[in-house]
Enquirer: 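Take this structure first; my questions come after.
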2 protein chains.
Amino acid sequence: MGNDRVSKGRVTIREVAERAGVSTATASRALSGNHPVPPATRARVLRAARDLDYVANAHARALVGGGRKMAAVVVRQVTSPFYAQVAEGVEAEAADRGWLCVVGATGGDAQREMEFVQLMREEGARLVILVGGVVEDDAYRERVAHYAHALDSSGARLVLCGRPAPDPEIPALVVEFDNEAGARAITAHLLSAGHRGIVFLGGLPGNTALDARVTGYRAALAEHGLPPEAAHVVDCGLGRAAGHRAMTELLKSTGEFTAVFAGDDMVAAGALRAIADSGLRVPGDISVVGYNDIPLAEDFNPPLTTVRTPAEELGRAAVRIALRDPEHAAGAHHLLGTHIVVRDSVGAPPPGRAL
Amino acid sequence: MGNDRVSKGRVTIREVAERAGVSTATASRALSGNHPVPPATRARVLRAARDLDYVANAHARALVGGGRKMAAVVVRQVTSPFYAQVAEGVEAEAADRGWLCVVGATGGDAQREMEFVQLMREEGARLVILVGGVVEDDAYRERVAHYAHALDSSGARLVLCGRPAPDPEIPALVVEFDNEAGARAITAHLLSAGHRGIVFLGGLPGNTALDARVTGYRAALAEHGLPPEAAHVVDCGLGRAAGHRAMTELLKSTGEFTAVFAGDDMVAAGALRAIADSGLRVPGDISVVGYNDIPLAEDFNPPLTTVRTPAEELGRAAVRIALRDPEHAAGAHHLLGTHIVVRDSVGAPPPGRAL
DNA sequence: AGCGTCAACGTAAAGGTTTTCAGAGCCGGA
DNA sequence: TCCGGCTCTGAAAACCTTTACGTTGACGCT
């Protein structure tokens with residue numbers, strides 16, 4: 001009775017069964033609750049497991065069960081607020097169902113992305129979520145087609161968050177924000193404040209998320225009766241540094257504009273800094289809007305008017321939709337809504353510069 | 001020859017072996033590289049594996065190998081920039097060695113923390129890293145002692161990042177920043193700028209990280225010959241909202257102060273906003289410093305002088321130290337250095353209010 | 001030639017759990 | 001009394017890989 005746990009190594013179900021005076025089959029049934037067991041027996045087994053500090057071996061379980069409750073989320077980098085929020089959503093939704101969540105950071109490297117997907121196949125993940133816009137070139141299309149088929153043959157599901165499925169035929173689920181609608185709405189917001197010269201700062205041709213925002217931006221201009229040449233897109237890419245550099249450049253130019261639509265909030269942060277450096281004021285001289293509404297956007301100077309993309313909800317939705325009805329999910333395309341958050345970075349155009 | 005992959009389910013090593021005309025043992029040796037195999041044979045096996053799109057079953061491998069290359073990092077929330085950076089460091093260091101990294105978010109709930117640690121035991125993680133300051137009460141001490149022994153008996157290592165080991169005897173490794181030194185340094189920075197009335201905003205009694213900062217703050221004051229009553233600590237806790245609230249309150253008070261030492265950058269963000277709301281200027285009227293140097297600190301208005309705690313390096317160090325020499329690691333206590341980042345939020349005290 | 005050594009590789013066990021199959025005991029109905 | 005059906009339980013197979021052990025044959029040395 002006193003020799004609990006004297007042997008080295010983990011306690012196995014055999015020891016639990018032995019102590020409870022049942023077979024391993026019965027112990028397994030009592031512990032996993034997979035099959036009914038009389039209350040008295042069940043209690044004995046549970047008691048024994050607790051006494052021995054039994055910990056089930058997830059590998060053995062997964063080995064026989066063929067797969068495991070594990071979701072993987074792959075992002076460019078965990079420290080980006082947007083990706084972090086998506087990852088948190090995935091983690092939360094996974095945790096709610098008792099699933100494990102692993103994260104992979106690629107740093108934007110396709111090679112690491114492939115390695116990670118491969119690793120997830122080995123690990124038997126049942127859900128792989130690839131997050132973040134990309135440039136959709138041939139290499140990308142081929143890569144995703146490969147993932148989709150490889151994971152499909154492993155019985156896993158593939159979700160693309162904010163990136164396109166190259167072919168409607170491949171078994172992947174797409175969940176993303178309606179970037180076009182969001183961009184259209186916030187451009188309309190600037191237009192209704194009186195702005196006519198609006199620069200889109202942060203284009204990245206080939207990146208479908210940004211392309212969609214540009215499309216929405218152009219659509220809003222057109223809807224307000226402006227000619228196509230009123231659109232002015234600066235393809236500086238994303239990031240605070242890029243925004244700062246491009247804005248500094250723009251301020252030196254002779255272009256007529258009174259408002260800036262930054263491709264995302266980080267670009268907006270860089271732009272705001274560049275504007276402040278140049279001695280101009282926001283929104284007195286220039287109005288600025290961003291995209292994504294990162295947590296610190298309300299602490300920008302001034303607090304940033306932006307488009308709220310509920311990133312955590314995106315992560316949650318990805319898991320929820322993928323797991324809801326597997327059959328119907330593959331190949332589907334879900335668009336999540338966004339809305340404008342009005343703060344202090346938009347005002348009327350300065351009288352002297354209004355077009 | 002043409003009937004590749006006709007059967008359902010995963011391709012096993014048996015099929016690879018069969019196709020290559022060798023036994024599973026040889027196939028395993030060729031694939032894992034664990035044991036030398038003649039180049040010709042090896043090539044045949046690899047070829048067969050590639051043809052069949054063979055994916056090793058990580059569970060079976062872990063089952064026989066006893067454990068697996070997996071690290072777990074547990075944080076309060078992934079979206080906090082500091083935690084995100086630590087998690088990224090852990091992920092990067094793990095990925096460098098071909099390890100898998102899973103993250104758990106507790107939301108500050110001890111119950112979820114316990115469940116997650118239990119899950120990691122089942123999953124056979126070899127390294128569990130608990131990140132983030134906590135209030136060190138009896139419940140915490142008991143909890144950590146339980147983790148340490150439970151993980152130890154599973155052959156896993158426990159690392160505490162920025163939180164204390166309740167007892168030097170328990171088999172846990174502590175890796176954290178030298179908060180006391182960092183706080184002492186930045187307080188000295190304020191003192192040498194001429195400030196004498198310095199408020200510490202964001203105390204959280206029982207939280208060892210913040211307590212250490214308060215200790216460093218008091219030490220610096222004492223070193224400059226100020227009496228103990230010169231210290232003024234506001235225990236408002238962390239977060240932007242708390243900082244905003246406490247700073248607003250403080251500005252209404254009659255207290256004499258010319259500088260604020262915020263417990264972390266988020267508190268500083270809130271404080272800056274409160275000061276701006278009240279019409280005062282930083283650093284003209286009040287100087288402000290923060291702690292942690294989150295990525296956006298340089299975009300605060302004004303850019304924030306703060307203490308840089310290389311969070312990603314903390315994550316990397318945790319993995320590296322824990323894996324370096326296991327025997328020596330347990331029970332050890334590592335302090336990582338920090339340094340001040342000078343930006344624009346500190347100036348001389350205003351002439352009228354200098355003490 | 002005889003023998004020892006060693007490389008190459010196959011056989012089989014081990015790792016821990018779940019699940020299928022079947023047996024045992026029991027109850028109720030015919 | 002007999003039997004169908006039910007509940008409870010145990011033996012054993014299955015999941016897939018690694019590895020300890022053993023066998024075979026080649027090669028070199030005496």
Side-chain angles (χ1 to χ4, degrees), chain A residues 5 7-46 48-49 52-69 119 121-124 126 153-155, chain B residues 7-46 48-49 52-69 119 121-126 153-155:
Chain A
R5 260 196 291 169
S7 71
K8 65 189 166 64
R10 279 166 77 146
V11 176
T12 73
I13 204 172
R14 299 236 318 236
E15 300 170 54
V16 174
E18 195 173 350
R19 180 178 244 255
V22 297
S23 71
T24 59
T26 302
S28 170
R29 290 192 266 252
L31 289 166
S32 71
N34 244 341
H35 195 79
V37 161
T41 311
R42 187 178 139 81
R44 271 213 322 286
V45 173
L46 260 47
L52 295 172
D53 190 27
Y54 167 71
V55 180
N57 184 321
H59 301 303
R61 195 172 267 178
L63 185 57
V64 55
R68 75 198 308 201
K69 295 175 171 179
L119 189 59
R121 285 223 283 163
E122 295 187 359
E123 293 286 335
R126 286 219 269 258
S153 75
S154 308
Chain B
S7 71
K8 65 190 167 64
R10 279 166 76 146
V11 176
T12 74
I13 203 173
R14 299 237 319 236
E15 301 170 53
V16 173
E18 195 172 352
R19 188 186 174 106
V22 297
S23 72
T24 60
T26 301
S28 170
R29 290 191 266 253
L31 289 167
S32 72
N34 244 341
H35 195 78
V37 161
T41 311
R42 188 178 138 81
R44 270 215 320 288
V45 172
L46 261 45
L52 296 172
D53 189 26
Y54 168 71
V55 179
N57 184 321
H59 300 304
R61 192 172 270 177
L63 185 56
V64 56
R68 76 197 308 202
K69 295 175 172 180
L119 189 58
R121 285 224 282 164
E122 296 187 359
E123 293 286 335
R126 286 219 269 257
S153 75
S154 309

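Letters go in sequence order (proteins before strands), and every chain restarts at 1.
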Enquirer: Any chance you could measure S28(A), atom OG, to H35(A), atom NE2, to the nearest 0.5 Å?
Expert: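 Between atom OG of S28(A) and atom NE2 of H35(A) there are 10.5 Å.
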Enquirer: Mind calculating the distance between CZ (R61(A)) and C1' (dT19(C)) to the nearest angstrom?
Expert: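 Roughly 14 Å, once rounded to whole Å.
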Enquirer: Tell me the interatomic distance from H35(B), atom NE2, to dA7(C), atom P, rounded to whole angstroms.
Expert: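 Rounded to the whole Å, the gap is 9 Å.
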Enquirer: Does any non-hydrogen side-chain atom of L31(A) lie less than 4.5 Å from one of I13(A)?
Expert: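 Yes. Closest side-chain heavy atoms under 4.5 Å.
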Enquirer: What range of DNA chain D does chain B touch, first nucleotide to last, counting atoms under 4.0 Å from its heavy atoms?
Expert: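 The contact span of chain B on DNA chain D goes from dC16(D) to dA20(D).
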Enquirer: Where is the tightest heavy-atom contact between R42(A) and A30(A), given as atom of each residue plus distance?
Expert: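 Taking every non-hydrogen atom into account, NH1-O, 3.3 Å.
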Enquirer: Rounded to the nearest 0.5 Å, what separates atom OH in Y54(B) from atom CD in E122(A)?
Expert: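 If I round to the nearest 0.5 Å, the distance is 8.0 Å.
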Enquirer: Hey, what are the protein-to-nucleotides 10-14 of chain C N/O distances that come in under 3.5 Å?
Expert:
{"from": "dG10(C)", "atom 1": "OP2", "to": "S23(B)", "atom 2": "N", "distance (Å)": "2.7"}
{"from": "dG10(C)", "atom 1": "OP2", "to": "S23(B)", "atom 2": "OG", "distance (Å)": "2.7"}
{"from": "dG10(C)", "atom 1": "OP2", "to": "T26(B)", "atom 2": "OG1", "distance (Å)": "2.9"}
{"from": "dG10(C)", "atom 1": "N7", "to": "R29(B)", "atom 2": "NH2", "distance (Å)": "3.0"}
{"from": "dG10(C)", "atom 1": "O6", "to": "R29(B)", "atom 2": "NH1", "distance (Å)": "3.4"}
{"from": "dG10(C)", "atom 1": "O6", "to": "R29(B)", "atom 2": "NH2", "distance (Å)": "2.9"}

Enquirer: Which atom pair, heavy atoms only, marks the closest approach of V37(A) to T26(A)?
Expert: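 Heavy-atom minimum between the residues: CG2-O, 4.4 Å.
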Enquirer: Could you state the CG-C1' distance from N34(A) to dT17(C), rounded to the nearest angstrom?
Expert: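 Roughly 11 Å, once rounded to whole Å.
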Enquirer: Mind checking S28(A) for me? I need base, sugar-phosphate or nothing, with any heavy atom below 4.0 Å counting as a touch.
Expert: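 Answer is base: heavy atoms of S28(A) come under 4.0 Å of a base.
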Enquirer: Between R44(B) (side chain only) and A20(B) (backbone N and O only), is there a donor and an acceptor less than 3.5 Å apart?
Expert: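 Judged by distance alone, yes, a pair lies under 3.5 Å.
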Enquirer: What integer distance in Å separates I13(A):CD1 from dT19(C):C1'?
Expert: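 From I13(A) CD1 to dT19(C) C1': 12 Å.
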Enquirer: Could you check how far CZ of R14(A) sits from P of dG15(C), rounded to whole Å?
Expert: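 Whole-Å distance recorded here is 9 Å.
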Enquirer: DNA chain D: N57(B) or P38(A), which has the more 5' nearest nucleotide?
Expert: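 Result: P38(A).
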Enquirer: Identify the heavy atoms of V11(A) and L52(A) that sit nearest to each other, and give their distance.
Expert: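 Heavy atoms only, the tightest pair is CG2-O, 3.5 Å.
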Enquirer: Of all heavy-atom pairs between G124(B) and R10(A), which one has the smallest distance, and what is that distance?
Expert: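 The answer is CA-NH1, 4.2 Å.
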Enquirer: Classify the nucleic acid contact of A62(A) as base, sugar-phosphate or nothing, counting any heavy atom under 4.0 Å across all strands shown.
Expert: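 Counting heavy atoms under 4.0 Å across all strands, no contact is made by A62(A).
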Enquirer: Could you tell me the separation between the CG atom of L63(A) and the NE2 atom of H59(A), rounded to the nearest 0.5 Å?
Expert: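 So the gap between those two atoms works out to 10.5 Å.
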